[in-house]
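Every chain is numbered from 1 and lettered A, B, ... according to where its sequence line falls, protein lines coming before strand lines.
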Protein chains: 2
Amino acid sequence: MRYSPEHKTTMKKHLLAVAGAETKKKGFAAVGVDGLMHAAGVTSGAFYSHFSSKNELFKAVVEAELQDSIQMLVGNPHQDLAAWLHHESNRYLTMSHVRHPEAGCVLPALGAEIARADAGVKDMCEQQMLDARNMLAKRLGDDTAAWGFIAQCVGSLLLARAMANEETQQEVIQASRQFLQRAITKDSDRTPPEK
Amino acid sequence: MRYSPEHKTTMKKHLLAVAGAETKKKGFAAVGVDGLMHAAGVTSGAFYSHFSSKNELFKAVVEAELQDSIQMLVGNPHQDLAAWLHHESNRYLTMSHVRHPEAGCVLPALGAEIARADAGVKDMCEQQMLDARNMLAKRLGDDTAAWGFIAQCVGSLLLARAMANEETQQEVIQASRQFLQRAITKDSDRTPPEK
DNA sequence: GTCTATACGCGGATAGAC
DNA sequence: GTCTATCCGCGTATAGAC
C-alpha cells in the first residue's frame, strides 16, 4: 500500500489537534470540513476516511480536549491547598489563556455547543467531568468546592473574553483568582475574623 | 401608508425577542435569517428593513438581552446579604434556567460567540458588564465578589447544561449555590466553625 | 414595510480515479 | 488514504412589485 500502516493513526491525531484549535478559535459551527482539512494540509475528500460525519468529529474533539485538560489538573504537584490553588490560577486564569482560546480549555470556547449537542456527546462530557470532580474533591475537600472551582474558572474565562479592553479582562481574571482564594483557602488556613 | 407609524417599532421589538430566544437556544451562527423571520411570522425579505446585516442583529440582541438581565439584578429587593443571595440563586441557579436557555441569560448561551465578535459588540458588552459590576459591588462589598459572583453563575449554568443527566445538572447548580454562600456570606453573618 | 423571486457562495457529504 | 469533481441544500443579501 502507498501509505504506512501507522499513517492513519498519526493523521487522525493530527486532525484532532488541528480541529481542536480551529473550532475553539472560531466555534464548531463556523468551521467547515473543507477549511479544516486545508488547515491540516490535505483535501476535504480525505475527511470521511477518518470520521463518518462532522458530528462524530465534534465528539472526538471534545473527548480529546477534555482528557488533555484533566491531565493538566492531575499534573499539579502541590499538596498544600494554597500552593495547589496558586499553581492552577497561574495556569488557567491568565491573560495568555484569555487571548488564545485555540490553545486553551474547551469548555469556555465550546461549552454552549456541547450543551446543544446530542446525548452521546453530553454523556461523554459528563463522565469526564465527574472524573474531574472526584479528583478535585480530594484536593479541595468536597464536591461543592470541586464544582465551584470548575464553574468559577470556566465562567471567568468566558466573561473575560467577552470584554473589549485588556484592562477589564485582567480585572475579571484577577477578581476570580482572589474570589477562589477567599472561598477555598479560607476554612483551612485563615484566622477567623475578630469582630 | 399601509402600516401604522408605530408598526416598525413594535415589529423590531418583536424581532429582537424572537431572535433572542432562537439564538440562545440554537446558537447565533446556527440560525438563519430565513428561519428567524419565519418564526417571527414574516418573510425573510422584511429582515433588512430593520437591520442592515445579520451582525447588526447580533449586537442588538446581545444589548437587549444584557439590559434585561441587569434589570433583573436591579429588581432584587433584599438588603440583607444572605437574603439577597438566596433570591438570586432561586432566580438564576435553577433547573428551569438550565433547561430553558431560550428564556434565560445570554452569557452562558452566547458568551463564546460574543468573545468572537467584533470590537463593537464587545465594547457594548463590556459597558453593560461594568455597570453590573458596579451595582453588584455595592451589594457584595467589593469588585472581587462582584466579578466572582457573575463568573460563578455563568460558569455553573454553562457546565450544568453540558451534562447529560438531570441529577448531575442539579448537583452542579446546587454546588454552585453553596459555593457562593461560602464565599460571600461567610465574612458577615456566619458563625465560625467549631472544630 | 412586507412580499416574491433570485443571485451567489459555502456548507456537508458522496463517487470514482489513483 | 487521498485526490478531484460534483450533488444538493441552506446561508446571506439584494431587486422590484405591491
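- A salt bridge links A/Glu65 to A/Lys24: one of the charged nitrogens lies within less than 4.0 Å of a carboxylate oxygen.
- Atoms CZ (A/Phe28) and P (C/dG12) sit 8 Å apart, rounded to a whole Å.
- A/Ser49 contributes a side-chain N or O that, together with a main-chain N or O of A/Ala46, makes up a donor-acceptor pair within less than 3.5 Å.
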What are the atom names and distances for every N/O pair under 3.5 Å that joins the protein to nucleotides 13-15 of chain D?
residue, atom, partner, partner atom, Å
D/dA13, OP2, B/Tyr48, OH, 3.0
D/dA13, OP2, B/Lys54, N, 3.1
D/dA13, O5', B/Tyr48, OH, 3.4

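- Between the CZ atom of A/Phe58 and the C1' atom of C/dA13 there is a distance of 19 Å, given to the nearest Å.
- Across the protein-nucleic acid pair, B/His50 atom NE2 and D/dT12 atom P stand 17 Å apart, rounded to whole Å.
- Contacts between residues 14-24 of chain A and DNA chain D, counted as heavy-atom distances below 4.0 Å, involve no residue at all.
- Side-chain contact, B/Glu171 with A/Trp147: a donor N or O sits under 3.5 Å from an acceptor N or O.
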Audit row: B/Lys26, B/Glu22, salt bridge (charged side-chain N to carboxylate O under 4.0 Å, His left out) steps and yes/no: CA-CA 6 Å; B/Lys26 304 176 183 174; B/Glu22 285 282 299; 3.2 Å; yes
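- Using a cut-off of 4.0 Å between Lys/Arg side-chain N and Asp/Glu carboxylate O, A/Asp142 and A/Arg133 are scored as not salt-bridged.
- One can place NZ of A/Lys26 at 14 Å from C1' of C/dG11, the figure rounded to the nearest angstrom.
- Atom CG in B/Asp34 sits roughly 12 Å away from atom C1' in C/dA5 (whole-Å rounding).
- With sequence neighbours excluded, no residue forms a side-chain contact (heavy atoms from CB on, under 4.5 Å) with A/Lys13.
- Nucleotide C/dC3 holds its P atom 7 Å from the CE atom of B/Met11, rounded to whole Å.
- Note: CZ (B/Phe51) to C1' (D/dT12) measures 15 Å, nearest angstrom.
- Residues A/Ala29 and B/Ser49 each lie close to DNA chain C; by heavy-atom proximity, the contact nearer the 5' end of the strand is made by B/Ser49.
- No donor-acceptor pair closer than 3.5 Å links the side chain of B/Lys54 to the backbone N or O of B/Val33.
- Side-chain polar atoms of A/Asn76 and A/Arg91 form no donor-acceptor pair below 3.5 angstrom.
- For B/His78, the NE2 atom counts as densely surrounded, since its 6.0 Å shell holds more than 12 non-hydrogen atoms of other residues, nucleotides or ligands.
- Comparing D/dT2, C/dT2, D/dC3 against the side chain of A/Thr43 picks out D/dC3 as the nearest.
- In this entry the distance linking CE of B/Met37 with P of C/dA5 reads 19 Å, nearest Å.
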